[in-house]
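Reading through the structure tokens given below for one structure.
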Amino acid sequence: MASISPEYANQLLAELTEGCPVPAAPASLSRYTFQTSNHVLIGDTAVRGYKYKGRWRLDDRDIRAAGNRLALLPFDPDDLVDARLAPEHDRTWRSQIHRWFEHISYQDQSANSCRCEGQQPCSGTRPNRYGLGCGATFEQVKERYGRSPIACTSPLPLLTWSGTTWLVPRAYAALLDRADRIAAECVEQAARCSRCNATGDVWKWRTSSNSGYTTLCPACAASVARPYKDHLRGRLYASLPKNSQPEAFLCRMCPSPRQAVYWDHCHTHGFVRGPVCASCNTYEGGGHRFIHRPGAVRHLLLCDGCRRDRTVPPRHQSDIVLQTFAPDPHGPCATQPHSAWGSVEKDGSIRFRMRCWQCAFAPQLEQVVPAAQVRHLVQEFVDKALEAGVDGPDQESA
């Protein structure tokens with residue numbers, strides 16, 4: 001097998017489909033492609049991905065075969081059918097494009113206010129002369145989503161607004177329908193436990209590793225890994241040997257047994273907190289709303305440095321402050337803003353950004369909580385969590 005990188009596969013696919021009536025969009029060949037399946041769709045061809053030494057690879061022969069098949073697709077650009085774009089429970093190419101349209105309509109309405117007749121703001125669902133909601137245009141859609149792929153193809157150049165409905169070439173619609181069916185089959189296959197063949201939730205059972213993804217049901221995960229007993233408490237992550245094997249343990253954050261992949265550790269103080277799966281590692285690293293998970297605060301405070309300093313990593317502090325922070329009312333309507341999102345500034349203060357839902361077209365509001373107040377609120381939160389001996393104030397324990 002001639003193993004090639006996703007980057008080279010992108011380049012090769014672009015060369016193979018140059019001049020093809022179906023515009024190729026090979027940007028979907030990335031490591032994130034394989035989160036829910038071992039395959040990537042190129043047109044209606046499923047191409048298997050392989051992980052070698054922590055990096056995803058693809059077979060050169062598979063890319064060439066898929067690219068040639070896409071380039072030779074029988075295609076009549078004048079044979080058009082109704083695209084039937086509509087919201088669907090399942091993720092299909094039709095529902096994906098519909099979401100793009102809805103997002104652009106909402107963005108245009110938020111930025112430029114509603115100019116439609118009747119009740120304002122309008123629902124954004126009645127098509128305008130461009131086939132989109134409110135004042136949105138197709139140029140806006142192309143600017144935002146023109147490079148967004150579906151099955152490694154670019155659908156927007158093939159869409160036509162007839163004045164009453166969106167049309168797409170029949171051959172392309174059939175290609176994407178086949179791609180949807182094959183993608184669903186690949187996800188179903190990836191959701192099967194590799195040991196007992198039981199079927200479950202691919203997001204809960206599927207775990208990343210250096211050699212690819214492994215799907216294990218909770219029972220099988222518990223049979224190959226054991227609970228972690230805090231034996232590395234107080235150890236610095238930098239002092240761990242290379243063969244410390246986090247995969248020998250179960251994720252300490254997941255509510256049901258799931259094999260761990262990484263040693264989670266505090267990046268501020270360097271202390272090991274425990275073994276976690278790839279999903280929990282990403283969730284903790286992102287910060288947003290992590291402290292609301294059962295067991296999360298206790299997990300963060302397994303770092304001896306955080307316990308000593310009565311703090312948590314900065315990325316979690318905005319969520320703590322939000323538990324007591326009350327934003328100033330929006331001046332014009334005296335309404336309390338909602339859905340505040342905070343970011344930690346260099347000086348330790350937190351800048352919250354929010355919108356007033358009563359004034360849909362008002363600009364984004366900002367309010368800063370000073371660093372001293374942030375430190376006080378975080379220390380108070382940690383003190384209450386340690387005193388309670390559980391997850392945190394007003395939270396359920398794991």
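Just so you know, these numbers use all the heavy atoms, side chains as well, and skip hydrogens, waters and symmetry mates.
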Contacts of His267 meeting ring pair (Phe, Tyr, Trp, His ring centres under 6.0 Å) (sequence neighbours excluded), chain-then-number -> His265

Those residues at least two apart in sequence (or on a different chain) that pass ring pair (Phe, Tyr, Trp, His ring centres under 6.0 Å) with His269 are none

Closest approach of [X] and [Y], non-hydrogen atoms and distance?
X	Y	value
Cys217	Cys193	N-SG, 3.4 Å
Pro314	Val344	O-CG2, 3.2 Å
Ala71	Leu16	CB-O, 3.7 Å
Ser318	Gly342	OG-O, 3.6 Å
Cys303	Phe271	SG-CD1, 3.8 Å
Trp205	Ala191	CE3-O, 3.8 Å

Rounded at 0.5 Å granularity, tell me how far [atom1] in [X] sits from [atom2] in [Y].
X	Y	atom1	atom2	answer
Leu158	Tyr172	CG	OH	6.0 Å
Leu156	Leu159	CG	CG	6.0 Å
Arg375	Asp309	CZ	CG	12.0 Å
Phe34	Ser208	CZ	OG	12.0 Å
His39	Asp62	NE2	CG	8.5 Å
Cys306	Leu300	SG	CG	7.0 Å

Is there a side-chain contact between [X] and [Y] in this structure, where contact means two heavy atoms from C-beta onward sitting under 4.5 Å apart?
X	Y	value
Glu18	Glu15	no
Ile97	Pro155	yes
Thr153	Pro23	no
Leu167	Val81	no

Show the numbers, then the answer: is there a salt bridge (charged side-chain N to carboxylate O under 4.0 Å, His left out) between Asp177 and Arg94?
CA-CA 9 Å; Asp177 284 340; Arg94 291 182 171 86; 2.7 Å; yes

### Query
Taking Gln317 for the side chain and Val312 for the main chain, is one N or O donor matched with an acceptor at less than 3.5 Å?
yes

Do [X] and [Y] sit in the same hydrophobic cluster, where Ile, Leu, Val, Met, Phe, Trp and Tyr count as joined when their side-chain heavy atoms come under 4.5 Å apart?
X	Y	result
Ile150	Val141	yes
Tyr213	Val202	no
Leu302	Val276	no

Assess whether a salt bridge exists between [X] and [Y], defined as any Lys/Arg side-chain N lying under 4.0 Å from an Asp/Glu carboxylate O.
X	Y	result
Asp60	Arg64	yes
Asp264	Arg252	no
Glu139	Lys142	yes
Arg84	Asp82	no
Arg298	Asp230	yes
Asp44	Arg69	yes

State yes or no: are the ring centers of Tyr283 and Phe290 separated by less than 6.0 Å?
yes

Assess the pair Trp263 and Phe249: is the distance between their ring centroids shorter than 6.0 Å? yes

Are a donor atom and an acceptor atom from the side chains of [X] and [Y] found within less than 3.5 Å of each other?
X	Y	answer
Thr207	Arg258	yes
Ser162	Thr165	no
Glu284	His299	no
Ser343	Arg353	yes

Residue set satisfying salt bridge (Lys or Arg N to Asp or Glu O under 4.0 Å) with Arg192, at least two apart, ordered chain then number -> Glu188

Who are the side-chain contact (heavy atoms from CB on, under 4.5 Å) partners of [X], not counting sequence neighbours?
X	answer
Ala136	Ile104, Ser105, Asp108, Leu132, Gln140
Gln379	Arg310
Ser148	Trp100, Tyr145

| message | Surrounding CZ of Arg233 (heavy atoms of other residues, nucleotides or ligands, distance under 6.0 Å), is the total greater than 12? | response | yes

- Query: Within 45 degrees of the axis of the six-membered ring of Tyr50 and under 6.0 Å from its centre: does Arg48 put its NZ or CZ there?
  - Reply: yes

